[in-house]
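Have a look at the structure below, then the notes.
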Amino acid sequence: MNTDQYNTSLDALLDAIDVCGQRGTVSPDTVITAVTADSRAVEIGALFVAVRGVAVDGHKFIPKAIEAGAKVIVAEELPDTLPDGVAGITVADSREALGRLASRFFGDPSEALTLVGVTGTNGKTTTATLLYEMARMRGLKAGLISTVANIVVDEAVPAEHTTPDPVMLNGLLRRMVDAGCTFAAMEVSSHAADQHRIAGLTFAGGIFTNITRDHLDYHKTFDNYLRAKKSFFDMLPPEAFALTNIDDRNGEVMLQNTPARRRATFSIRSIADFSIRVIEDRLDGMLLEFNGHSVETMFAGRFNASNLAAVYGAASLLGVPQDELDVLMSRLQPVAGRFQPFRSPSGVTAIVDYAHTPDALENVLGTIRETGPDTRIITVCGAGGDRDKGKRPQMAHVAAGISDMLILTSDNPRSERPEDILADMQAGLTAYEMTRTETVVDRREAIRRAVEAARPGDVILIAGKGHETTQTIGSEVFHFDDREEIRKAFGIE
(Lines give C-alpha, C1' and ligand atoms only; values in the text may rest on other atoms or scores of the structure.)
Protein backbone atom coordinates (compact mmCIF):
# COMPACT_ATOMS: atom_id res chain seq x y z
CA MET A 1 0.00 0.00 0.00
CA ASN A 2 1.29 3.45 -0.91
CA THR A 3 1.37 5.38 2.37
CA ASP A 4 2.82 8.65 1.07
CA GLN A 5 -0.43 10.53 1.59
CA TYR A 6 -0.53 9.45 5.24
CA ASN A 7 2.83 10.91 6.35
CA THR A 8 2.51 11.94 9.99
CA SER A 9 4.64 13.96 12.40
CA LEU A 10 6.49 12.07 15.10
CA ASP A 11 4.91 14.27 17.75
CA ALA A 12 1.39 13.29 16.65
CA LEU A 13 2.29 9.60 16.64
CA LEU A 14 3.86 9.54 20.08
CA ASP A 15 0.80 11.25 21.49
CA ALA A 16 -1.09 7.99 20.79
CA ILE A 17 1.06 5.79 23.07
CA ASP A 18 2.37 5.69 26.62
CA VAL A 19 6.09 6.42 26.39
CA CYS A 20 8.22 4.90 29.13
CA GLY A 21 11.51 6.44 28.04
CA GLN A 22 13.43 7.99 25.15
CA ARG A 23 17.01 7.97 23.89
CA GLY A 24 18.52 9.84 20.97
CA THR A 25 17.24 13.01 19.43
CA VAL A 26 14.86 13.52 16.55
CA SER A 27 12.80 16.66 16.08
CA PRO A 28 9.13 16.22 17.08
CA ASP A 29 8.28 17.74 13.69
CA THR A 30 10.10 14.90 11.90
CA VAL A 31 7.81 13.43 9.24
CA ILE A 32 7.31 9.68 9.58
CA THR A 33 6.82 8.04 6.19
CA ALA A 34 5.67 4.62 7.39
CA VAL A 35 4.93 2.55 10.49
CA THR A 36 5.93 -1.12 10.36
CA ALA A 37 6.93 -4.11 12.47
CA ASP A 38 8.59 -5.79 9.47
CA SER A 39 12.24 -4.79 9.10
CA ARG A 40 12.08 -5.87 5.44
CA ALA A 41 9.47 -3.19 4.79
CA VAL A 42 11.40 -0.34 6.39
CA GLU A 43 12.02 2.68 4.17
CA ILE A 44 13.88 5.94 4.79
CA GLY A 45 12.02 7.92 7.41
CA ALA A 46 10.03 4.98 8.79
CA LEU A 47 9.13 4.22 12.37
CA PHE A 48 9.99 0.61 13.25
CA VAL A 49 8.21 -1.20 16.07
CA ALA A 50 10.07 -4.18 17.52
CA VAL A 51 7.46 -6.79 18.41
CA ARG A 52 8.05 -10.07 20.21
CA GLY A 53 6.38 -12.63 17.94
CA VAL A 54 5.46 -16.25 18.62
CA ALA A 55 8.47 -17.52 16.68
CA VAL A 56 10.65 -14.42 16.13
CA ASP A 57 11.61 -11.50 18.35
CA GLY A 58 11.55 -8.27 16.37
CA HIS A 59 14.07 -6.70 18.74
CA LYS A 60 16.76 -8.71 16.94
CA PHE A 61 16.06 -6.75 13.77
CA ILE A 62 16.48 -3.24 15.18
CA PRO A 63 19.98 -2.86 13.62
CA LYS A 64 18.64 -3.98 10.24
CA ALA A 65 15.76 -1.48 10.48
CA ILE A 66 18.14 1.35 11.30
CA GLU A 67 20.39 0.37 8.40
CA ALA A 68 17.37 0.47 6.07
CA GLY A 69 16.57 4.06 7.08
CA ALA A 70 14.32 3.93 10.17
CA LYS A 71 14.44 7.27 12.02
CA VAL A 72 12.57 6.08 15.11
CA ILE A 73 12.61 2.76 16.94
CA VAL A 74 9.79 1.82 19.32
CA ALA A 75 10.62 -1.17 21.49
CA GLU A 76 10.36 -2.73 24.91
CA GLU A 77 14.17 -2.78 25.07
CA LEU A 78 16.67 -0.70 23.10
CA PRO A 79 20.25 -1.49 22.01
CA ASP A 80 23.01 -0.05 24.19
CA THR A 81 23.83 2.54 21.52
CA LEU A 82 21.88 4.23 18.73
CA PRO A 83 23.33 6.06 15.71
CA ASP A 84 23.09 9.84 15.50
CA GLY A 85 19.77 10.96 14.03
CA VAL A 86 17.88 7.92 15.33
CA ALA A 87 15.53 8.12 18.30
CA GLY A 88 14.64 5.17 20.50
CA ILE A 89 11.33 5.04 22.35
CA THR A 90 10.63 2.44 25.04
CA VAL A 91 7.11 1.18 25.80
CA ALA A 92 5.69 -1.45 28.15
CA ASP A 93 4.01 -3.42 25.35
CA SER A 94 5.21 -2.94 21.79
CA ARG A 95 2.31 -4.97 20.35
CA GLU A 96 -0.21 -2.56 21.78
CA ALA A 97 1.94 0.38 20.74
CA LEU A 98 1.99 -0.90 17.16
CA GLY A 99 -1.80 -0.92 17.01
CA ARG A 100 -2.12 2.58 18.39
CA LEU A 101 0.66 3.95 16.20
CA ALA A 102 -0.83 2.37 13.07
CA SER A 103 -4.23 3.84 13.88
CA ARG A 104 -2.79 7.33 14.43
CA PHE A 105 -0.57 7.11 11.32
CA PHE A 106 -3.66 6.55 9.15
CA GLY A 107 -5.59 9.33 10.87
CA ASP A 108 -7.60 7.19 13.33
CA PRO A 109 -9.97 5.94 10.59
CA SER A 110 -12.15 3.86 12.92
CA GLU A 111 -13.37 7.06 14.56
CA ALA A 112 -14.96 8.08 11.27
CA LEU A 113 -16.82 4.76 10.94
CA THR A 114 -19.58 2.95 12.76
CA LEU A 115 -17.34 -0.06 13.37
CA VAL A 116 -18.86 -3.30 14.73
CA GLY A 117 -16.63 -6.20 15.79
CA VAL A 118 -17.75 -9.82 15.95
CA THR A 119 -15.91 -12.41 18.04
CA GLY A 120 -16.58 -16.08 18.83
CA THR A 121 -15.55 -19.54 17.70
CA ASN A 122 -18.28 -20.05 15.12
CA GLY A 123 -20.49 -17.61 13.24
CA LYS A 124 -18.10 -14.65 13.03
CA THR A 125 -17.90 -14.61 9.24
CA THR A 126 -21.63 -15.06 8.70
CA THR A 127 -22.59 -12.40 11.25
CA ALA A 128 -20.06 -9.82 10.06
CA THR A 129 -20.86 -10.42 6.39
CA LEU A 130 -24.61 -10.14 6.92
CA LEU A 131 -24.18 -6.86 8.79
CA TYR A 132 -22.16 -5.57 5.84
CA GLU A 133 -24.77 -6.80 3.37
CA MET A 134 -27.56 -5.22 5.38
CA ALA A 135 -25.76 -1.87 5.37
CA ARG A 136 -25.38 -2.08 1.59
CA MET A 137 -29.10 -2.91 1.23
CA ARG A 138 -29.85 0.25 3.19
CA GLY A 139 -27.90 2.27 0.64
CA LEU A 140 -24.86 2.87 2.82
CA LYS A 141 -21.28 2.66 1.66
CA ALA A 142 -19.78 -0.02 3.86
CA GLY A 143 -16.70 -2.15 4.44
CA LEU A 144 -16.06 -5.70 5.59
CA ILE A 145 -13.02 -7.38 7.16
CA SER A 146 -13.49 -11.14 7.36
CA THR A 147 -12.01 -14.59 6.81
CA VAL A 148 -13.70 -14.82 3.42
CA ALA A 149 -12.93 -11.36 2.09
CA ASN A 150 -12.00 -7.80 2.87
CA ILE A 151 -14.31 -5.45 1.01
CA VAL A 152 -14.15 -1.69 0.53
CA VAL A 153 -17.63 -0.74 -0.73
CA ASP A 154 -17.70 -3.26 -3.62
CA GLU A 155 -13.97 -3.81 -4.12
CA ALA A 156 -12.62 -7.12 -2.79
CA VAL A 157 -9.19 -7.10 -1.15
CA PRO A 158 -7.47 -10.48 -0.55
CA ALA A 159 -7.78 -11.76 3.05
CA GLU A 160 -4.77 -13.55 4.53
CA HIS A 161 -5.83 -13.61 8.20
CA THR A 162 -9.17 -13.37 10.02
CA THR A 163 -7.96 -10.07 11.47
CA PRO A 164 -5.05 -8.43 9.56
CA ASP A 165 -1.95 -7.01 11.24
CA PRO A 166 -2.48 -3.49 12.65
CA VAL A 167 -0.85 -1.64 9.75
CA MET A 168 -2.85 -3.49 7.10
CA LEU A 169 -6.00 -3.27 9.23
CA ASN A 170 -5.84 0.48 9.69
CA GLY A 171 -4.84 0.91 6.05
CA LEU A 172 -8.04 -0.93 5.06
CA LEU A 173 -10.14 1.18 7.39
CA ARG A 174 -8.52 4.31 5.93
CA ARG A 175 -9.39 3.15 2.42
CA MET A 176 -12.98 2.65 3.56
CA VAL A 177 -13.19 6.18 4.94
CA ASP A 178 -11.58 7.64 1.81
CA ALA A 179 -14.13 5.72 -0.31
CA GLY A 180 -16.99 7.30 1.62
CA CYS A 181 -17.85 4.37 3.90
CA THR A 182 -19.78 5.17 7.06
CA PHE A 183 -20.14 1.59 8.37
CA ALA A 184 -17.80 -1.38 8.70
CA ALA A 185 -18.12 -4.87 10.16
CA MET A 186 -15.11 -6.96 11.08
CA GLU A 187 -14.29 -10.31 12.60
CA VAL A 188 -12.18 -10.09 15.74
CA SER A 189 -10.20 -13.30 16.19
CA SER A 190 -8.83 -14.45 19.53
CA HIS A 191 -5.31 -14.12 18.09
CA ALA A 192 -6.00 -10.50 17.15
CA ALA A 193 -7.33 -9.65 20.58
CA ASP A 194 -4.48 -11.41 22.37
CA GLN A 195 -1.85 -9.77 20.14
CA HIS A 196 -3.42 -6.29 20.44
CA ARG A 197 -3.95 -6.02 16.68
CA ILE A 198 -7.14 -4.07 17.41
CA ALA A 199 -5.48 -1.65 19.86
CA GLY A 200 -6.29 1.94 18.99
CA LEU A 201 -9.57 1.14 17.21
CA THR A 202 -12.84 2.75 18.24
CA PHE A 203 -15.73 0.29 18.08
CA ALA A 204 -19.41 1.24 17.99
CA GLY A 205 -20.33 -2.24 19.14
CA GLY A 206 -19.12 -5.75 19.90
CA ILE A 207 -20.89 -9.08 19.33
CA PHE A 208 -20.14 -12.45 20.95
CA THR A 209 -21.49 -15.46 19.03
CA ASN A 210 -20.27 -18.47 21.07
CA ILE A 211 -17.12 -20.21 22.26
CA THR A 212 -16.06 -23.83 21.93
CA ARG A 213 -12.70 -25.56 21.78
CA ASP A 214 -10.43 -24.11 19.07
CA HIS A 215 -6.95 -22.63 18.63
CA LEU A 216 -5.55 -24.34 21.72
CA ASP A 217 -2.32 -24.88 19.77
CA TYR A 218 -1.85 -21.13 20.34
CA HIS A 219 -3.75 -20.34 23.54
CA LYS A 220 -2.77 -23.62 25.31
CA THR A 221 -5.82 -23.60 27.61
CA PHE A 222 -9.52 -22.91 27.16
CA ASP A 223 -9.37 -20.26 29.91
CA ASN A 224 -6.70 -18.36 27.97
CA TYR A 225 -8.87 -18.61 24.85
CA LEU A 226 -11.88 -17.30 26.77
CA ARG A 227 -9.86 -14.41 28.23
CA ALA A 228 -8.71 -13.41 24.75
CA LYS A 229 -12.34 -13.15 23.61
CA LYS A 230 -13.29 -11.29 26.77
CA SER A 231 -10.47 -8.75 26.29
CA PHE A 232 -12.27 -7.41 23.21
CA PHE A 233 -15.32 -6.50 25.31
CA ASP A 234 -13.07 -5.01 27.97
CA MET A 235 -11.77 -2.45 25.44
CA LEU A 236 -15.17 -1.25 24.15
CA PRO A 237 -15.82 2.46 24.79
CA PRO A 238 -18.70 3.55 27.06
CA GLU A 239 -20.84 4.72 24.14
CA ALA A 240 -20.63 1.31 22.38
CA PHE A 241 -23.05 -1.59 22.65
CA ALA A 242 -22.10 -5.08 23.85
CA LEU A 243 -24.33 -7.86 22.48
CA THR A 244 -23.92 -11.44 23.65
CA ASN A 245 -25.39 -14.90 23.06
CA ILE A 246 -26.84 -16.12 26.38
CA ASP A 247 -27.44 -19.59 24.90
CA ASP A 248 -23.69 -20.02 25.40
CA ARG A 249 -22.78 -20.62 29.05
CA ASN A 250 -19.94 -18.09 28.72
CA GLY A 251 -22.09 -15.48 27.04
CA GLU A 252 -22.78 -13.38 30.11
CA VAL A 253 -19.06 -13.41 30.98
CA MET A 254 -18.51 -11.03 28.07
CA LEU A 255 -20.75 -8.41 29.65
CA GLN A 256 -19.01 -8.48 33.02
CA ASN A 257 -17.12 -5.23 33.63
CA THR A 258 -17.27 -4.13 29.99
CA PRO A 259 -17.15 -0.32 29.76
CA ALA A 260 -19.94 -0.45 27.14
CA ARG A 261 -23.06 1.00 28.73
CA ARG A 262 -25.55 -0.52 26.30
CA ARG A 263 -25.53 -4.24 27.13
CA ALA A 264 -27.92 -6.63 25.43
CA THR A 265 -28.52 -10.35 24.92
CA PHE A 266 -29.85 -12.58 22.17
CA SER A 267 -31.15 -16.16 22.26
CA ILE A 268 -32.97 -18.80 20.24
CA ARG A 269 -33.84 -20.83 23.36
CA SER A 270 -34.83 -18.47 26.14
CA ILE A 271 -36.00 -14.97 27.03
CA ALA A 272 -33.53 -12.29 25.96
CA ASP A 273 -33.50 -8.74 24.70
CA PHE A 274 -33.61 -10.22 21.18
CA SER A 275 -35.39 -13.59 21.18
CA ILE A 276 -35.64 -15.64 18.01
CA ARG A 277 -37.97 -18.64 17.68
CA VAL A 278 -37.60 -21.24 14.92
CA ILE A 279 -41.10 -21.91 13.61
CA GLU A 280 -40.12 -24.05 10.62
CA ASP A 281 -36.67 -25.36 9.61
CA ARG A 282 -35.90 -26.70 6.12
CA LEU A 283 -32.72 -27.23 4.11
CA ASP A 284 -33.74 -24.33 1.85
CA GLY A 285 -34.68 -21.88 4.58
CA MET A 286 -36.34 -21.15 7.92
CA LEU A 287 -39.47 -19.38 9.12
CA LEU A 288 -38.38 -17.41 12.17
CA GLU A 289 -40.11 -15.23 14.70
CA PHE A 290 -38.08 -12.15 15.65
CA ASN A 291 -39.46 -10.69 18.89
CA GLY A 292 -42.97 -11.62 17.77
CA HIS A 293 -42.50 -10.77 14.06
CA SER A 294 -42.61 -13.74 11.63
CA VAL A 295 -40.00 -13.61 8.85
CA GLU A 296 -39.21 -16.13 6.10
CA THR A 297 -35.43 -16.42 5.64
CA MET A 298 -33.09 -18.11 3.15
CA PHE A 299 -31.00 -19.76 5.89
CA ALA A 300 -31.12 -23.29 7.30
CA GLY A 301 -30.18 -24.55 10.76
CA ARG A 302 -30.49 -23.40 14.34
CA PHE A 303 -26.87 -22.22 14.30
CA ASN A 304 -27.84 -19.82 11.53
CA ALA A 305 -30.92 -18.77 13.51
CA SER A 306 -28.47 -17.75 16.24
CA ASN A 307 -26.35 -15.82 13.73
CA LEU A 308 -29.45 -14.06 12.45
CA ALA A 309 -30.43 -13.21 16.03
CA ALA A 310 -27.04 -11.51 16.44
CA VAL A 311 -27.53 -9.54 13.21
CA TYR A 312 -31.08 -8.61 14.18
CA GLY A 313 -29.98 -7.43 17.62
CA ALA A 314 -27.01 -5.44 16.36
CA ALA A 315 -29.05 -3.74 13.64
CA SER A 316 -31.72 -2.81 16.17
CA LEU A 317 -29.09 -1.39 18.56
CA LEU A 318 -27.72 0.62 15.63
CA GLY A 319 -31.13 2.19 15.15
CA VAL A 320 -32.62 0.32 12.16
CA PRO A 321 -36.44 0.71 12.39
CA GLN A 322 -38.43 -2.46 13.14
CA ASP A 323 -40.50 -2.51 9.95
CA GLU A 324 -37.41 -2.01 7.79
CA LEU A 325 -35.50 -4.63 9.77
CA ASP A 326 -38.08 -7.36 9.08
CA VAL A 327 -37.80 -6.78 5.33
CA LEU A 328 -34.01 -6.73 5.41
CA MET A 329 -33.82 -10.02 7.37
CA SER A 330 -35.95 -11.73 4.73
CA ARG A 331 -33.68 -10.50 1.92
CA LEU A 332 -30.34 -11.57 3.40
CA GLN A 333 -28.63 -14.49 1.66
CA PRO A 334 -26.22 -17.18 2.99
CA VAL A 335 -22.47 -16.53 2.88
CA ALA A 336 -20.33 -18.45 0.36
CA GLY A 337 -18.96 -21.66 1.87
CA ARG A 338 -21.32 -21.54 4.84
CA PHE A 339 -23.97 -24.27 4.50
CA GLN A 340 -23.83 -23.77 0.74
CA PRO A 341 -25.99 -26.36 -1.09
CA PHE A 342 -25.43 -28.08 -4.44
CA ARG A 343 -27.78 -30.58 -6.08
CA SER A 344 -26.94 -33.32 -8.56
CA PRO A 345 -29.13 -34.30 -11.52
CA SER A 346 -29.83 -37.59 -9.73
CA GLY A 347 -31.23 -35.90 -6.63
CA VAL A 348 -28.24 -35.97 -4.27
CA THR A 349 -27.70 -32.82 -2.20
CA ALA A 350 -24.19 -31.72 -1.18
CA ILE A 351 -23.52 -29.05 1.41
CA VAL A 352 -20.15 -27.29 1.61
CA ASP A 353 -19.46 -25.77 5.01
CA TYR A 354 -16.50 -24.27 6.87
CA ALA A 355 -17.20 -26.34 10.03
CA HIS A 356 -13.79 -27.24 11.46
CA THR A 357 -14.49 -27.70 15.17
CA PRO A 358 -16.46 -30.43 16.99
CA ASP A 359 -19.22 -27.97 17.91
CA ALA A 360 -19.54 -26.59 14.37
CA LEU A 361 -19.73 -30.11 12.90
CA GLU A 362 -22.40 -31.05 15.41
CA ASN A 363 -24.43 -27.94 14.54
CA VAL A 364 -24.27 -28.51 10.78
CA LEU A 365 -24.92 -32.26 10.94
CA GLY A 366 -27.66 -31.71 13.51
CA THR A 367 -29.36 -29.30 11.12
CA ILE A 368 -29.28 -31.84 8.30
CA ARG A 369 -30.61 -34.56 10.61
CA GLU A 370 -33.39 -32.36 12.01
CA THR A 371 -34.63 -31.29 8.60
CA GLY A 372 -34.67 -34.88 7.33
CA PRO A 373 -34.71 -37.46 10.16
CA ASP A 374 -34.61 -40.36 7.69
CA THR A 375 -32.09 -38.77 5.34
CA ARG A 376 -28.88 -40.72 4.78
CA ILE A 377 -25.86 -38.49 5.53
CA ILE A 378 -22.35 -38.97 4.13
CA THR A 379 -19.72 -36.70 5.70
CA VAL A 380 -16.32 -35.84 4.24
CA CYS A 381 -14.00 -34.10 6.69
CA GLY A 382 -10.46 -33.86 8.04
CA ALA A 383 -8.46 -31.66 10.38
CA GLY A 384 -5.78 -29.06 9.73
CA GLY A 385 -2.11 -29.82 10.29
CA ASP A 386 0.05 -27.84 12.74
CA ARG A 387 -3.07 -26.92 14.70
CA ASP A 388 -4.85 -28.10 17.85
CA LYS A 389 -4.48 -31.89 17.85
CA GLY A 390 -6.85 -32.40 20.76
CA LYS A 391 -9.93 -31.62 18.69
CA ARG A 392 -9.16 -34.23 16.01
CA PRO A 393 -10.61 -37.31 17.74
CA GLN A 394 -13.55 -35.23 18.97
CA MET A 395 -14.38 -34.10 15.43
CA ALA A 396 -14.28 -37.64 14.09
CA HIS A 397 -16.48 -38.93 16.92
CA VAL A 398 -19.07 -36.20 16.39
CA ALA A 399 -19.14 -36.74 12.60
CA ALA A 400 -19.38 -40.53 12.89
CA GLY A 401 -22.08 -40.34 15.54
CA ILE A 402 -24.48 -38.31 13.40
CA SER A 403 -23.50 -39.49 9.88
CA ASP A 404 -24.41 -42.78 8.23
CA MET A 405 -21.05 -42.85 6.47
CA LEU A 406 -17.87 -40.94 7.30
CA ILE A 407 -14.95 -40.36 4.94
CA LEU A 408 -11.84 -38.97 6.65
CA THR A 409 -9.51 -37.03 4.36
CA SER A 410 -6.89 -34.28 4.15
CA ASP A 411 -7.62 -30.70 5.16
CA ASN A 412 -4.52 -28.49 4.85
CA PRO A 413 -2.06 -30.98 6.40
CA ARG A 414 0.72 -28.38 6.20
CA SER A 415 3.95 -29.83 7.62
CA GLU A 416 2.33 -32.94 9.10
CA ARG A 417 1.85 -36.30 7.37
CA PRO A 418 -1.84 -36.57 6.40
CA GLU A 419 -1.83 -40.18 7.55
CA ASP A 420 -0.79 -39.10 11.07
CA ILE A 421 -3.60 -36.53 11.26
CA LEU A 422 -6.15 -39.11 10.14
CA ALA A 423 -4.81 -41.61 12.69
CA ASP A 424 -5.41 -38.98 15.40
CA MET A 425 -8.99 -38.64 14.17
CA GLN A 426 -9.55 -42.39 14.03
CA ALA A 427 -8.47 -42.63 17.68
CA GLY A 428 -11.76 -40.96 18.63
CA LEU A 429 -13.92 -43.57 16.93
CA THR A 430 -15.57 -46.56 18.57
CA ALA A 431 -15.31 -50.01 16.98
CA TYR A 432 -18.84 -49.59 15.59
CA GLU A 433 -18.08 -46.12 14.20
CA MET A 434 -15.02 -47.51 12.46
CA THR A 435 -17.26 -49.91 10.51
CA ARG A 436 -18.97 -46.88 8.93
CA THR A 437 -15.76 -44.96 8.28
CA GLU A 438 -13.44 -44.90 5.29
CA THR A 439 -10.11 -43.10 4.98
CA VAL A 440 -9.22 -41.50 1.64
CA VAL A 441 -6.13 -39.30 1.98
CA ASP A 442 -6.60 -37.39 -1.29
CA ARG A 443 -9.42 -34.87 -0.73
CA ARG A 444 -10.50 -34.84 -4.37
CA GLU A 445 -10.83 -38.62 -4.37
CA ALA A 446 -12.67 -38.50 -1.05
CA ILE A 447 -15.32 -36.18 -2.53
CA ARG A 448 -15.64 -38.46 -5.57
CA ARG A 449 -15.98 -41.47 -3.27
CA ALA A 450 -18.82 -39.76 -1.39
CA VAL A 451 -20.67 -39.04 -4.63
CA GLU A 452 -20.10 -42.61 -5.78
CA ALA A 453 -21.59 -43.94 -2.54
CA ALA A 454 -24.56 -41.55 -2.50
CA ARG A 455 -28.09 -42.49 -3.55
CA PRO A 456 -30.92 -40.14 -4.63
CA GLY A 457 -32.19 -38.27 -1.58
CA ASP A 458 -28.89 -38.55 0.32
CA VAL A 459 -27.06 -35.51 1.68
CA ILE A 460 -23.26 -35.19 1.46
CA LEU A 461 -21.58 -32.79 3.88
CA ILE A 462 -18.12 -31.60 2.79
CA ALA A 463 -16.77 -29.88 5.87
CA GLY A 464 -13.71 -27.95 6.95
CA LYS A 465 -12.72 -25.65 4.09
CA GLY A 466 -15.89 -23.88 2.99
CA HIS A 467 -14.87 -20.77 1.05
CA GLU A 468 -11.16 -21.66 0.89
CA THR A 469 -9.65 -22.04 -2.56
CA THR A 470 -6.30 -23.57 -1.65
CA GLN A 471 -4.87 -26.70 -0.02
CA THR A 472 -1.55 -26.47 1.86
CA ILE A 473 0.53 -29.64 1.69
CA GLY A 474 4.04 -29.39 3.10
CA SER A 475 5.37 -26.00 2.10
CA GLU A 476 3.38 -25.86 -1.15
CA VAL A 477 0.01 -24.23 -1.68
CA PHE A 478 -2.22 -25.75 -4.36
CA HIS A 479 -5.48 -24.51 -5.82
CA PHE A 480 -8.35 -26.51 -4.35
CA ASP A 481 -11.99 -25.53 -3.94
CA ASP A 482 -14.53 -27.96 -2.44
CA ARG A 483 -17.30 -26.20 -4.37
CA GLU A 484 -15.54 -26.76 -7.69
CA GLU A 485 -14.84 -30.38 -6.83
CA ILE A 486 -18.43 -31.22 -5.94
CA ARG A 487 -19.67 -29.58 -9.14
CA LYS A 488 -17.23 -31.71 -11.14
CA ALA A 489 -18.21 -34.86 -9.27
CA PHE A 490 -21.89 -34.08 -9.84
CA GLY A 491 -21.27 -33.27 -13.50
CA ILE A 492 -22.82 -29.80 -13.16
CA GLU A 493 -19.79 -27.63 -14.15
Side-chain angles (χ1 to χ4, degrees), residues 1-4 6-110 161 163-171 173-174 191-201 218-219 224 227-228 231 234-235:
M1 178 183 298
N2 183 356
T3 60
D4 291 346
Y6 305 118
N7 292 347
T8 309
S9 73
L10 176 61
D11 194 37
L13 286 174
L14 296 186
D15 187 53
I17 62 174
D18 294 324
V19 175
C20 296
Q22 182 170 343
R23 289 220 318 268
T25 56
V26 173
S27 169
D29 296 329
T30 297
V31 174
I32 300 300
T33 59
V35 170
T36 182
D38 184 350
S39 60
R40 297 166 297 183
V42 170
E43 58 188 48
I44 295 175
L47 183 151
F48 174 72
V49 184
V51 172
R52 300 188 196 279
V54 176
V56 179
D57 185 352
H59 289 75
K60 296 180 180 179
F61 299 99
I62 291 175
K64 182 179 177 182
I66 293 173
E67 184 181 345
K71 293 295 184 184
V72 180
I73 304 297
V74 174
E76 294 169 17
E77 296 178 18
L78 292 170
D80 293 335
T81 60
L82 291 171
D84 291 340
V86 175
I89 308 294
T90 55
V91 292
D93 188 327
S94 55
R95 285 185 182 276
E96 181 171 0
L98 175 62
R100 296 186 180 282
L101 289 166
S103 179
R104 182 58 52 86
F105 179 76
F106 286 103
D108 296 310
S110 63
H161 302 285
T163 311
D165 70 77
V167 177
M168 180 180 291
L169 173 56
N170 280 279
L173 294 174
R174 182 74 253 169
H191 292 71
D194 183 64
Q195 296 171 8
H196 300 298
R197 291 186 222 160
I198 54 175
L201 300 188
Y218 173 84
H219 295 288
N224 288 342
R227 278 193 290 270
S231 69
D234 292 345
M235 66 163 284

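This chain uses plain numbering: 1 for the first residue, then up along the sequence. All values below come from the heavy atoms of this structure, side chains included, with hydrogens, waters and symmetry mates left out.
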If I compare all heavy atoms of [X] with all of [Y], which pair ends up nearest, and what's the gap?
X: S27; Y: T30; value: O-OG1, 2.7 Å
X: A193; Y: I198; value: CA-CD1, 4.4 Å
X: P109; Y: S103; value: CD-O, 3.6 Å
X: A97; Y: V74; value: CB-CG1, 4.3 Å
X: A70; Y: F48; value: CB-CB, 4.2 Å

- Query: Side chain of R23, backbone of T90: donor and acceptor closer than 3.5 Å?
  - Reply: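 Between the backbone of T90 and the side chain of R23 there is no qualifying donor-acceptor contact (under 3.5 Å).
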Sequence-distant partners of [X], side chain to side chain contact (heavy atoms under 4.5 Å, CB included), two or more places apart:
X: A92; answer: C20
X: A75; answer: A50, H59, I62, I73, L78
X: V31; answer: N7

Is the closest side-chain heavy-atom distance between [X] and [Y] below 4.5 Å?
X: V51; Y: S94; answer: yes
X: V42; Y: T36; answer: yes
X: P166; Y: L169; answer: no

- Query: About how many Å separate CD1 of I89 and CG of L10, when rounded to the nearest 0.5 Å?
  - Reply: 6.5 Å
- Item | T33 side, atom OG1; F105 side, atom CZ - distance, nearest 0.5 Å | 6.5 Å
- Item | Audit row: L201, L173, side chain to side chain contact (heavy atoms under 4.5 Å, CB included) steps and yes/no | CA-CA 10 Å; L201 300 188; L173 294 174; 3.8 Å; yes
- Query: Quick one: salt bridge (charged side-chain N to carboxylate O under 4.0 Å, His left out) partners of D93, sequence neighbours excluded?
  - Reply: none
- Tell me, which pairs form a salt bridge (charged side-chain N to carboxylate O under 4.0 Å, His left out) where one or both residues lie in residues 48-68, sequence neighbours left out? R52-D57, R52-E76, R52-E77
- Could you give all pairs that pass the salt bridge (charged side-chain N to carboxylate O under 4.0 Å, His left out) test and reach residues 9-18, with sequence neighbours left out? D15-R104
- Query: Side chains of S9 and D29: is there a donor and an acceptor less than 3.5 Å apart?
  - Reply: no
- Starting from the C-alpha separation in whole Å, work towards a yes-or-no answer on side chain to side chain contact (heavy atoms under 4.5 Å, CB included) for V167 and L98. CA-CA 8 Å; V167 177; L98 175 62; 4.2 Å; yes
